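Here the structure is laid out as structure tokens; the discussion comes afterwards.
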Amino acid sequence: MSTIELEATGIVKRYGPLVANDQIDLSVLRGEVHAVMGENGAGKSTLMSILYGMQTPDAGRIVLRGTEMHYRSALDAIGAGMGMVHQAFKLFNSLTVWENVVYGMEPTRFGFIDRREAAKRVAALAERYSLRVDPNAIVGQLSVGVRQRVEILKALYRDARVLILDEPTAVLTPQERDGLFDIIRNLTADDRTILFVTHKLHEVMAITDRVTVLRDGKVVDRMVTSETSAREIIRAMTGRAVNLTVEKSPGNPGAVVLEARGLTVATDGGKPVVDHVDLSIRAGEIVGIAGVAGNGQTELIEALTGLRIPDGGTVSIHGTDVTALDVERHRDAGLAYIPEDRATTGTALAASAADNLAMGFQRKPPLSNGRLLDGNAVTAHAKRLIEKFGVKIGSEQLAVGTLSGGNLQKVVVARELSHAAPLLIAEQPTRGVDVGAIEFIHGQLVAERDRGSAVLLVSAELTEILALSDRVLVMFDGRILAELPAAEADEETLGLLMAGRVRDAHLDGTEAA
Amino acid sequence: MSERSVRAFRFPRIPAVPLAIGIGILIGGLLVLASGGDPIAAYREILIGALAPQNWPNTLNWAVPLVGMTLVAALPLRGGMVNLGGDGQLVIGGLVAALAALYLPLPGPLLIAASILCAMVASGLYASLAAWGETRFGIPMLISTLLLSYPVIGIASYLVGFPLRDMATGLAQTRMIPDAARLPVISGPLNIGLILMIVVAAAVVFYDRRTVGGYELRMRGLNAKFAGYGGVRLAAQQVRVMFASGAIAGLVGAILVLGSLYRYQDGALLTPGYTWSGLMAALLAGGAPLGAIAAGLFFAGLQTGGFAMQRETAIPRVLTMILQSVIILFLAIRHGVGRKSS
Amino acid sequence: QDAKPLVVFVSPNPVGVNDFLKLAKAGTEKAAEAAGATAKIYESTDPTTIRQNLDAAAKEGAKVVIAVGFEFNDVLPEVAKAYPDTKFLLVDSCPQTPVANIYCSVFREYEASFLAGAVAGLTSETGKVGAIGALDIPFIHRYTDAFAEGAKHVKPEIEIAPTLWIGGNNPFSDPARGQQRASIMVSDNTDRIMAGGAGSNGGIFKAMEDLPGAAAFGVDSNQCPQAPGLVMDNVQKRTDIVIEKGVAGLFKGDQPAFATYGLAEGGMTLTSLEPGIEDSGCLIAKFPDVIAKVKALRDEVVAGTVKVADPMQLAK
Amino acid sequence: MSLMSFITPSLVNSAVQSITPILLAALAGTLCGRVGVFNMAMEGQLLVGAFAAVVGSYATGSALGGVLFAIVFTVLFSLILAYGATVFKGDSVVICIGMNLLAAGLTAYLLRQMFGVSGTFSDPGIVGLTKIRIDAINTIPWIGWIFSRQTAITWLAWILTAAVTIMMFRTPLGLRMRGVGEDASAAGTMGIDVTRYRVLTVLFAGGLTGLGGAQLSLGTVSIFSEDMSAGRGWIAVVAVMLGRNHPLWAALACVLFGVADALSVRLQSQGLPNQLTDIVPYVVTLLALALSHRKRLKRRATETITAHA
Ligand SMILES: Nc1ncnc2c1ncn2[C@@H]1O[C@H](COP(=O)(O)OP(=O)(O)OP(=O)(O)O)[C@@H](O)[C@H]1O
Ligand SMILES: Nc1ncnc2c1ncn2[C@@H]1O[C@H](COP(=O)(O)OP(=O)(O)OP(=O)(O)O)[C@@H](O)[C@H]1O
Ligand SMILES: [Mg+2]
Ligand SMILES: [Mg+2]
């Protein structure tokens, strides 16, 4: 296992004045799992898209199995045996699994797609690498874990020798993640090579053979996994030590702030996506909702925040029934809300930071008298928040569209925390954000709790749930499957519950709903 | 998440608009040249026809409804909504104004005020119907506004062709409205409709810049989801904005009927094509009120000049239509005018 | 300043949308030539531009301003009062209250349509005739209703198909809709159709192909060459003659304030009643006996022995 | 009066005829929609096609020449949308509105400058499309009326509807197009040149609409008149929306409109005022739109309908 499969030397990629990749050298051995790590904006995705032929480097060479490559498009890279599973899946939700897999390389008969042959080939491939998936299922109806298998199938269908996985575990349960690791081992056993991009250190430690660390577009370190530690990797990434554990005192729960009873959200015809959910959050506690994406969390939060009218049940904030009220009234009743998608819900990318930070306050003093907006107050408010939360932006009049993920998230967090609202709902508050920003946001959430707010945290990230929550709810298939005190929650139990396996989770002493 | 298009928001570069106008003029000139005309003479006549002091009243008179219809389009556009139903809303306004002026038993100024008010309310309600259809049933407003115009135009045409027709003429039109209901004349073709329109334009600019509603509408235009998340009641806002948009169209109809036609004539409000010109002007400015007003004035000048050009030279005035469309196409293609962010 | 006097024709719509305005344009040019004047054509599209054009014409110092159409009824009196030295010839319409410098010339279209109906009645093989109009407005009933009356007059037992209207977004310029309506009529065995659709007429003619022997009647000018073999005859409105006469009268100073033109004055006619019918391309040329009968009928109408009712009943 | 005598064969025949341009435009709209380009320029494209067809027919003295002109010039005209909405990333709604206006202005201008007329251009030199008579069925009462006496373009329109449907759902090309429209970036990562697919589809759709324009000016009448598309392109846009980018459903929407339109003519001959009967097809379309979107919106604040992708 010492043949070089892929070698990139002197890769440079500039975006205007910004050098996203600066003389990067990367060497990957055949059959290894090679991690590429770095903070947000370090240049990982840029490097991967260059290796995959989606972008042309400004300088540098790529040598694949001894041959120098000159990709004109991803098609050339695919042809040369590269495959990539993107962080956000590149799948067609309305199409079937086999259609997604053969897309662009369809088997044909008389010019028509040979549907039977296509499905057969996909099934055979799935069989061979134990990727359990029904070729005729519609992708949009599959769970995230299965969709990822479809992505891997796509690459294997094109006989990918090198597979790039960009943050592949961000949306998986621990069990699904372990399943993925099994698949990765199957693949490497077959002499295929894996490039693994992630922010999660324990995964790097668990599955990879070697690590290349990027910072500001440069390679800052190369390590052999078995000879290093998580702490060292972080230091390489950030240039400092980062505190991974959240310091927090035991909670001090007070009165009930948010209460939902029998909350139900129906779908057209099918079974409810939120099915008679009861929950209550008290002042001064953080309640975490764990669950795999797609189990009704999004709809539950929409119903709790007034973005959606529930089909049944009630929601009250501080005893006020807000079930049928709109978002504005929810906010009036004391809601602050960090939405899961900062770019499409949490901000208007084309609007200035000042406008973004004013949202939600626009009808209240000091920003307005309810009808007329006070431009000076809006500016002052924005300046104060940018300063306080250290948002890296030139001026409050600039559009936020160019901010990095972490900075954009800070804009959202800053705005919502400045409400000093008694109730904070935080949905995936650190998704795709680097460790430095995670540390900061986690600190803010705990401070919010200590100030006496009720905090509802929804996250697919178990480490986050475990680090922050005083109580943990597990959501599966539209229902709250279990409720555990923080002390009794651990990764394995939660993982099993998130997969709906109550029986295996050995819930002694805790209530299973 | 990385699927989103993160794009730096660029303000349209200053030279874009003059450049587009230049290109429009160039293409138009070539067209004139190709068909054996004299482009310099054509443009000279357009300029004189639009801008010579003695022609100002004509230009302004044409600008009143055109800028009005520009605002009709710009207001929803600011919030990312497209109102293609200006024609129907204009017709309702005109017809209601005429009927109110004919049948309300009110004295002088009161009659004028009441007629205008009725027209605005009727058109506003009608326009908000499309908004309601979208918020309540999800019928896309882009298409329902357009489709809703046809029945209204047909029914108005029927009404003035049969039950409400002026029996003394052979055309489909109502009787003349009484003198008391006519808008006072400022001078020549100009009436106080001009002042009403200036007030409305100022109000729209003020709303956009200074009020909470204006801020919320702008945010909706940039990202509707964000606005909804921030507590803006999108459905109510949509109905409200469409009501205002329709009401302005109603006002334009009323001004035309009470100020210059003095009766509702079948088709007379629509043949000038104010709705589409206004829509183009609004699109040109991406819904920003001041820019839209400027674009509306520009188009009004161009069109008035076009008539003058056609009088003086053999070049048909549709040339100005070509100029307008080339300008907007150039801007749309070159600088992404109207492109939605995120 | 140009030494030549100026004559301006202000059209209510772009010229050429109907042949009627083309005739007016030709008439203006001929009249100006005869009077040694310069002719200009100002095209309008709507009331606002009509007004602008009238103003512009008067300001240019036109001696005579010719306005054609109902569209001028409301605006002209106001403009005329503002320019008392300019003479306005209003063709095809007349304001309700007379104004000193407005001279009206109107037509009695129904007389010629009546004759066209007679031709239809006399030539129809299926015994069924009908009319298609652009829009259901009283003015156009002068064509459609009088046509039916004429057919009935010569053949009381003839069947009259219900009148169809083109309508739609563009009634005066939608040949496809004209064709659709005519083809439905023709499929109902209606073989003589009055085409009162202005710019849509081409479609109506085209539909005549569907039924061997079917023919339509054109309006305003000789439309037969447009669709050879499909047009029987035309109800011609001699706007040109009316304008020539009017302008001459105004230059001379003996133009009456109100003049009407029908069969008697030569303002309305059928192509078949004019010289040159053999080369007109009209089907009627093959029916000399019918022409003779219609000529006789014309004389009766002129003499007043046959009375044609005006379908446009205007309240006074 | 029985239904059979109310709906006569000739009525159906003329409905089929008058649907053709709308159907072709709707087909074009579906194709564009499928690759993620919202096309609402069909009104202008039809007009350009109709004009070019008349010019071509007049210049070459053959209907086929006219049809070829129509296709070529409408494709050229469609370059604006094809490149504007893809390579140049312009907003398709703005581009389409601009194109519609440009088409109206340009055809009116050229009409005057080339033929010296305004409004309508008709000349015996314009050779129209011949109607295909199928003698075998010509005499069969209903069938003969409906299937015989139609132009080749009408036949082609329906054949194309079937062909496009099969292409869309059974061939690699169709699969790729659907992918491009559903998620361009996903298609891009699979090595599909999204821009190329879009550009070519919009241009092909332009050809289809051009064909529709030719039917409009040469199929039934051999005339060009200003603005003769008269809203038909907009109806096609509605049909695309009603059909949700599915060619067969869009075709059904066109048929619905055609039937309503034919009925309105029939109602007119029953003595109803045409101003009222004229609105029947639009009211029916509105009702269909309302019914097809009947489900009540639950998500209230986050859901806004954007017609274009
Ligand atoms: N298309 C682009 N245009 C301009 N700048 C870009 C573009 N893509 C990336 N960048 C810049 O290049 C740098 C590297 O970005 P890249 O997406 O590779 O980071 P990353 O390491 O993948 O970050 P993350 O962990 O957040 O995914 C960033 O600073 C970013 O601002
Ligand atoms: N076209 C572009 N122009 C300018 N900057 C860009 C462009 N595309 C991407 N960027 C920058 O690239 C950086 C990283 O982009 P990316 O999409 O990977 O976001 P991210 O930081 O990883 O956030 P997330 O994890 O939420 O996706 C951001 O800072 C963004 O500003
Ligand atoms: Mg990345
Ligand atoms: Mg990222």
Side-chain angles (χ1 to χ4, degrees), chain B residues 3 31 34-37 80-82 133-144 146-148 150-151 153-155 157-158 161-162 172 220 224-225 227-229 232-235 238 276 279-280 283 316 318-322 324-326 328-329 331-340, chain D residues 40 80 83-85 88-95 97-114 118 183 185-186 226 231 234 237-238 241 273-279 281-283 285-286 289-290 292-297 300-308:
Chain B
E3 221 263 279
L31 210 56
S35 52
M81 299 168 273
V82 183
E134 177 165 314
T135 55
R136 180 77 169 68
F137 299 106
I139 303 169
M141 211 171 69
L142 181 75
I143 213 71
S144 66
L146 182 77
L147 276 181
L148 276 168
Y150 294 102
I153 294 168
I155 289 169
S157 173
Y158 165 75
F162 295 97
R220 181 206 184 107
K225 237 176 152 174
Y229 146 82
V232 178
R233 294 169 202 165
L234 295 178
Q238 184 166 356
W276 291 98
L279 188 64
M280 301 265 278
L283 287 172
V318 285
L319 180 70
T320 58
M321 207 160 140
I322 298 175
Q324 284 172 56
S325 47
V326 169
I328 186 124
L329 281 174
L331 281 177
I333 286 170
R334 189 62 212 300
H335 293 274
V337 159
R339 184 167 56 202
K340 293 236 178 83
Chain D
M40 53 178 233
I80 304 175
Y83 281 94
F88 294 100
K89 300 194 169 60
D91 183 281
S92 59
V93 171
V94 185
I95 293 177
I97 290 175
M99 282 172 72
N100 288 333
L101 196 79
L102 180 63
L106 207 57
T107 52
Y109 186 84
L110 293 177
L111 187 64
R112 289 184 184 218
Q113 303 300 351
M114 289 171 67
S118 62
D183 187 340
S185 81
E226 280 178 26
W234 289 109
V237 174
V238 178
M241 283 201 171
N274 78 294
Q275 290 90 339
L276 294 183
T277 58
D278 274 2
I279 67 179
Y282 298 98
V283 172
T285 310
L286 261 171
L289 198 64
S292 74
H293 286 75
R294 189 182 25 176
K295 71 166 199 290
R296 190 192 190 301
L297 289 183
R300 70 178 146 195
T302 51
E303 201 91 62
T304 45
I305 288 90
T306 28
H308 52 300

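Throughout, a chain's letter reflects where its sequence line sits, starting with A, and its residues are numbered from 1. Note that the coordinates shown come from a computational prediction; the quantities given were computed from them, not determined experimentally.
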Can you say whether A104(D) sits under 4.5 Å from chain B via the side chain, the backbone, both, or neither, judging by heavy atoms?
both

Turns out that what part of I155(B) lies under 4.5 Å from chain D's heavy atoms comes down to both

Answer whether the closest heavy-atom distance between the side chains of V232(B) and R220(B) falls below 4.5 Å.
no

Minimum side-chain heavy-atom gap E134(B)-M81(B) below 4.5 Å:
no

Close side-chain approach of V94(D) and I328(B), heavy atoms under 4.5 Å
yes

Given I279(D), L106(D), N274(D), the one with more heavy-atom pairs under 4.5 angstrom with chain B than any other is I279(D)

Region of M40(D) that comes under 4.5 Å of a non-hydrogen atom in chain B
side chain

Can you find a pair of side-chain heavy atoms, one from L146(B) and one from L142(B), that are under 4.5 Å apart?
no

Chain D heavy atoms under 4.5 Å from L31(B): which part of the residue, side chain, backbone, both or neither?
both

Flag the pair Y158(B) / D278(D) as yes when at least one side-chain heavy-atom distance between them is below 4.5 Å, and no otherwise.
no

For L329(B), is it the side chain, the backbone, both, or neither that has a heavy atom closer than 4.5 Å to a heavy atom of chain D?
side chain

